Amino acid sequence: MASKRPAKYDILFEPIQVGPKVMKNRFHQSPHCIGAGSDKPGFQAAHRGVKAEGGWGAINTEYCSIHPESDDTHRVSARIWDEGDVRNLRAMTDEIHKHGALAGVEMWYGSSHAPCMETRCTPRGASQYASEFETLTYCHEMDHDDIRQVQQYYVDAALRSRDAGFDIVNVYGGHAYLPVQFLSPYHNKRTDSYGGSFENRARFWVETLEQVKNAVGNDCAVASRFAIDSLYGTAGVEVEVDGIKFIQLADDLVDIWDIKIGDIAEWGEDAGPSRFYRQGHQIPWQKFVKQHSKKAVLGVGRFTDAEKMAEVIRNGELDIISCARPSISDPFLPQKIEEGRIDDVRTCIGCNVCISRWEIGGPPMICTQNATAGEEYRRGWHPEKFEPAKSDDTILVVGAGPSGSEAARVLMERGYVVHLADSSEKIGGHINAVATLPGLGEWGYHRDYREVQLDKLVKRNRDSQLALGGQALSADDVLAYGADKVIIATGSFWNGDGTNSLTHDPIPGIDSARPDHATPEQILGGTKELGKKVTILNSDPYFMGPSLAELLAARGHEVTVIDGVGFGNYMHFTLEAPNMHRRLHELHVNVIGDTWVSKVEDGRIQTYNIWGDGSRREYRGPGVIPREENRTYEWHDYDSLVLVTGRSSHDGLFRELKARRDEFAKNDIKGVYVIGDAWAPKIMADATFDGHRIAREIEEANPQLPIAYKREASVWGAAYLPDGEFRQEWRV
Ligand code: ADP
Ligand code: SF4
């Protein structure tokens, strides 16, 4: 398609020379984890290939281990240890090259942050200490022989990377990994020629860059990722002190500087969630580099909009825009900008759910906005292409939250006639309330994208319609509607009786019909006035409890939290936890952990310590708990109780319809299905996935259940590569 982009974006499409290579534009997919590594080559190749197709000028692996001494198991990194990895990663570089993009590899040696749980090797590092990030992991402090050997690992990995077809080799000194550990006084306590003065601390990195450049510099661009400020003040690297000095010292050795900030222990300061950081939040640090370097400078900062990207380049702050999350949320971001289709961009909402899956370790990455992320190979889903409708079935979707709106969008993209009904005036379901919580405004982009797309699709197919703001549909309404297939996406609600994950029962005395007890919906809907002393009962491990605590404390309430599950624990995986806890501390929110509630009376609740039942377990006969009596009961006063104890599916409509399935045939209904929170409460990403999946699989024999996906598994008895020589290759 001919370019229709406004001229102000031209700067984003100017080619740029990077060493021996030319990058066709200024869109760089920065290294980011997806759970593919080198062992799922189909996943790796298809996920990165789709971005090449979507217009990204350069696309990287996730962190790619250069040697078994750098093994991040239980998490999944790529690996370039041997010929098998070369062959598997070549599948990725081939896909990328088909679309004229460059392929980059981020060469990773984690040192003390690499737990080596699979390989059982011992990582080596600048100085010996326990990792501030990884549990119980120490490195071996390198002597000069060790230094030569590990530098050779980089060289060997660079040579293998070149053989795998990579155009850019990146010596990774971000996130407190080995090269920046040598540079940073926080990690480097040495007194020899590799420690102490700036020149000594810089020596390991400089030598490594020299050796890598000598080995592959004629064939590949050499990049270096540099956490230019550890954010520790004088204890670490500061941008205007050692940061700039290192840029000046090593500028001739690199073709590209890849600049970021922060460490690994709090890497949410780099991959900043939208709750705390706007796009371009690292620019105040990154902008120094171009003033001191003659080389191409790129950097991340969850750049979501073309306006900001162009401005950053025009201002001389960066040469190349690097994106991880925006490229996951919309792999076709560059192409949409190129074609002037800004309103088709599926903007990253900054929830960091993609990161949460990597932090948990193992599973494939998912995305709240882009349900096809991670599904490109195994399910064969393309973010922008859909199989045309296979029948002229008409489809009624009831509920326009994340799951229903996504189902309707994809079905309409396929060409089905769809009616999307919701008793609310606006699509978005529960996002409409969630996006009003402190810092979560950008989560509303999920709704906005679908709103814009559905409006366009309805105009394209005038038999489809959005039926918003009417009566809630009953089972009679659905049966008489005239649709061939029905998808129920009616969501879930917060329990009003205290039913929770600890006891699985209601809490005696709790009733959200009372004026002093309130569910999140009642608070966000403005239907409950709260008193001065608010107590939040929390047995949900994600964002609702902490968000309400922040909201209410900021409004002037005295907030106490009674928590039985770990307050905001899932937010450690989304990297929101550290600043969330700082925020709650600022607001004097009092969190009483390891505690749950036995009963509630007027104005007071009775709590107990969940560990108060004794450490000894013994059989005491039927009807007697095999532990001691819990004697930790206490009473606390409250003015208002907020109930964040758990959710339940809003599935009454589905269950009634299912009970009346004998009436389907006479109403010409072929099937009624249920998705999203109405099937079981889940995070927004999974609700969106449900909607997307059923729309792709609506013609299957039973669309309620997913069809099998391709598994990339080793099969017993199949040839294993590279036979025999495997272990030798690890040795210098
Ligand atoms: P999910 O996350 O599964 O998509 P949400 O709770 O976000 O679910 O959205 C459910 C939507 O369904 C809400 O917008 C609600 O107004 C709508 N809804 C629930 N029951 C009915 C009904 N019987 N008729 C029409 N709309 C309904
Ligand atoms: Fe952005 Fe959230 Fe998707 Fe990650 S999961 S790319 S943060 S929308």
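Just follow the structure's listing: the first ligand is 1, and inside any ligand the first atom is 1. Bear in mind the structure is a predicted one, so any value in this text is a computation, not a measurement.
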Selection from Gly401, Ala678, Gly676 by shortest heavy-atom distance to atom 9 (O) of ligand 1:
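Looking at heavy atoms only, the winner is Gly401.
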
Check whether any side-chain heavy atom of [X] lies under 4.5 Å from a side-chain heavy atom of [Y], and answer yes or no.
X: Ile431; Y: Pro402; result: yes
X: Phe664; Y: Val672; result: yes
X: His572; Y: His581; result: yes
X: Val353; Y: Ile683; result: yes

Below the 3.5 angstrom mark, is there an N/O of [X], backbone or side chain, next to an N/O of ligand 1?
X: Pro402; value: yes
X: Leu653; value: no
X: Gln471; value: no

Below 4.0 angstrom from a heavy atom of [X], which ligand 1 atoms are there? Numbered from 1 as shown, please.
X: Gly399; answer: 11 (C), 12 (O), 17 (C)
X: Gly491; answer: 3 (O), 5 (P), 6 (O), 8 (O), 10 (C)
X: Ser403; answer: 1 (P), 3 (O), 4 (O)
X: His430; answer: 2 (O), 5 (P), 6 (O), 7 (O)
X: Ala489; answer: 10 (C), 11 (C), 12 (O)
X: Ser424; answer: 16 (O)
X: Val398; answer: 22 (C), 24 (N), 25 (C)
X: Gly429; answer: 7 (O), 9 (O), 13 (C), 14 (O)

Report yes or no: is the cationic atom of Arg414 (NZ for Lys, CZ for Arg) closer than 6.0 Å to the six-membered ring centre of Phe386, at no more than 45° off its axis?
no

Short N-O contact, Glu700 and Arg693, less than 4.0 angstrom:
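Looking at Arg693 together with Glu700, the answer is no, because their closest N to O distance does not fall below 4.0 Å.
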
Can you check side-chain contact (heavy atoms from CB on, under 4.5 Å) on His175 and Asp263, steps first, answer last?
CA-CA 4 Å; His175 296 108; Asp263 61 3; over 6 Å; no

Quick one about [Y] and [X] (side-chain donor to acceptor, distance below 3.5 Å, no hydrogens or angles considered), yes or no?
X: Tyr449; Y: Arg409; answer: yes
X: Thr394; Y: Asp484; answer: yes
X: Gln369; Y: Arg450; answer: yes

Stepwise side-chain contact (heavy atoms from CB on, under 4.5 Å) test for Ser423 and Gln471
CA-CA 5 Å; Ser423 49; Gln471 288 278 333; over 6 Å; no

Anything protein N/O/S under 2.8 Å from atom 4 (Fe) of ligand 2? Just list residue and atom, please.
Cys354 SG

How far is [atom] from its nearest protein heavy atom, and which residue and atom name does that atom have?
atom: atom 22 (C) of ligand 1; value: Leu473 N, 3.6 Å
atom: atom 21 (C) of ligand 1; value: Thr490 CG2, 3.7 Å
atom: atom 26 (N) of ligand 1; value: Ser423 N, 3.2 Å
atom: atom 14 (O) of ligand 1; value: Asp422 OD2, 2.7 Å
atom: atom 3 (O) of ligand 1; value: Asp677 N, 2.8 Å

Given side-chain contact (heavy atoms from CB on, under 4.5 Å), test Trp358 with His32 step by step and report yes or no.
CA-CA 10 Å; Trp358 176 80; His32 71 78; over 6 Å; no

Salt bridge (charged side-chain N to carboxylate O under 4.0 Å, His left out) with Lys336: of Asp344, Asp330, Asp343, only one passes, and it is Asp330

Where on Ser405 is there a heavy atom closer than 4.0 Å to ligand 1, on the side chain, on the backbone, on both, or on neither?
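Neither part.
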
Classify the angle between the aromatic ring planes of Tyr542 and Trp443 as parallel (below 30°), tilted (30 to 60°) or perpendicular (above 60°).
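Geometry flag for Trp443 against Tyr542: tilted rings.
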
Does Lys456 NZ have over 12 foreign heavy atoms under 6.0 Å away?
yes

